[in-house]
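Please read the structure below before turning to the comments.
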Amino acid sequence: MSFAVPDSVRPVRDAVYAFMTERVEPAEPVLHAGGPEAAAVLDELRAQAKKEGLWALGHPRELGGGGLPFLDYVYVNEVQGRSEYGQLALGTYTLQDSLMLHEHASPGQRERYLEPLVRGDISPSFAMTEPSVSSSDPTQITTSAVLDGDEWVINGHKWFTTGASRAAYTTVMCRTEPDAPPHRAFSMILVPTDTPGYTIVRETPVLGLDGAHCEVRYEDVRVPAANLLGPRGQGFVIAQKRLGPGRIFHCMRWLGQAQRAFDLMCRRLHERAAFGEPLAAKQLMRQHVFDSYTEIQSARLLTLHAAGVVDSAPGAQARVEIGAIKVVGARMLHNVIDRAIQVYGAAGLTPDTPLDRMYRHARAGRIYDGPDEVHVDSVGRRILGTYAAGGSWEFGLR
Ligand SMILES: Cc1cc2nc3c(=O)[nH]c(=O)nc-3n(C[C@H](O)[C@H](O)[C@H](O)COP(=O)(O)OP(=O)(O)OC[C@H]3O[C@@H](n4cnc5c(N)ncnc54)[C@H](O)[C@@H]3O)c2cc1C
């Protein structure tokens, strides 16, 4: 495994970098404001991305995407991650859900949901988390679906269904097999968001940011039996398979966010002076540079390694590698942005730099798709399991 950006990936990475820095980042103030003007700007960016061959680069080729392998995609996605709007502008927001449908959807489901998803004509959402139970342990989920003739009837209460207010449908994790063992008690059901009984109660802001995180009530929601995604009782397996790649995609994008914060911090250290010398001359400030450099580089190498493991063993879950980078990546991003804010002083806390929004987004990364503690515990348990079985942990590509 080489550390260099491969020659085959360099042109597309450079093109995405130019797209992000010249078009998406300058449009951020308008996009932050929301409303019709933001929607028009986003539409324009999406049209440009399609025209320039930069659309859906990580989606499989047979779905109309760029078909980049995981490792190559790290180099592109870390550039795309510079802005919170990169995914929407470049058609990769749907990647996790597209991969899930690609593996499990029936021909009818592919036609209705998957194809328009990849084109960017519709938007997905995913509902696992519930307000009344600790959703780190999804075996506690209470939302139920009961088969009544040829329809599923769903009742329950979810929250943090991100994007539901703009989505065409929600993939809902429901308890369908109440008598089965916990990991076989759930199924995934596709629910169009305009189905009667599907009610968005509110959108919960996250640290003051609107992210369309919806609280949704399901009251006698009826959908055809054919809306079951994959086999009955396989909801848990499907959820885990969806979350695995999703976590690695987050880590790739976090590298781009961290690079942006690092650039801002280092430039500011040269521009600003205090007590007769530039901030860059002060050892305590250089400590921030050192700590950030080492954390970003460590997280980047761990991310490349995890992507390499996924590519080298198709179908491999790479749970240790992905669990490790989810924790290391989220902590790294939080720390790097925190230091950049410190270097900016009061200005770092204002919307005059991108850092305040980046910081608030970064904080959530230590909770969504599994809080740090869950991954720390799971990685430790899996590694110890190797030793309990008489083996030892192998650090290279498995
Ligand atoms: C911005 C954002 C977007 C999200 N989007 C979605 C979405 O689209 N769809 C969806 O279904 N969900 C989504 N979520 C929900 C997210 O996945 C859950 O919040 C997460 O899984 C944790 O569940 P919980 O909030 O119920 O916390 P809990 O399970 O109640 O955990 C609370 C705390 O307990 C501790 N803890 C938990 N388990 C352990 C353990 N084993 N060992 C030690 N400590 C532990 C941790 O500190 C944890 O933070 C989103 C969340 C956020 C913040």
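Just so you know, ligand 1 is whichever comes first in the structure, and atom 1 is the first atom listed for that ligand.
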What short N/O contacts, under 3.5 Å, does ligand 1 make with the protein, listed by atom pair and distance?
unit_1, atom_1, unit_2, atom_2, d
ligand 1, 5 (N), F160, O, 3.3
ligand 1, 5 (N), T162, OG1, 2.8
ligand 1, 8 (O), F160, O, 3.2
ligand 1, 8 (O), T162, N, 3.2
ligand 1, 8 (O), T162, OG1, 3.3
ligand 1, 9 (N), F126, O, 2.8
ligand 1, 9 (N), F160, O, 3.0
ligand 1, 11 (O), M128, N, 2.8
ligand 1, 11 (O), T129, N, 2.9
ligand 1, 11 (O), T129, OG1, 3.1
ligand 1, 12 (N), T129, OG1, 2.6
ligand 1, 12 (N), F160, O, 3.4
ligand 1, 26 (O), S135, N, 2.9
ligand 1, 29 (O), S134, OG, 2.6
ligand 1, 29 (O), S135, N, 3.3
ligand 1, 29 (O), S136, N, 3.0
ligand 1, 29 (O), S136, OG, 2.6
ligand 1, 47 (O), E373, OE1, 3.1
ligand 1, 47 (O), E373, OE2, 3.0

Can you sort out the partners of Y344 under ring pair (Phe, Tyr, Trp, His ring centres under 6.0 Å), two or more places apart, ordered by chain and number?
none

Using the ring pair (Phe, Tyr, Trp, His ring centres under 6.0 Å) criterion, which residues pair with F236? Sequence neighbours excluded.
H183

Examine [X] together with [Y] and report whether their ring centres are nearer than 6.0 Å.
| X | Y | result |
| --- | --- | --- |
| F70 | F249 | yes |
| H32 | Y85 | yes |
| F395 | H305 | no |

Note: with side-chain heavy atoms under 4.5 Å as the link, the other cluster members for V327 come out as V376

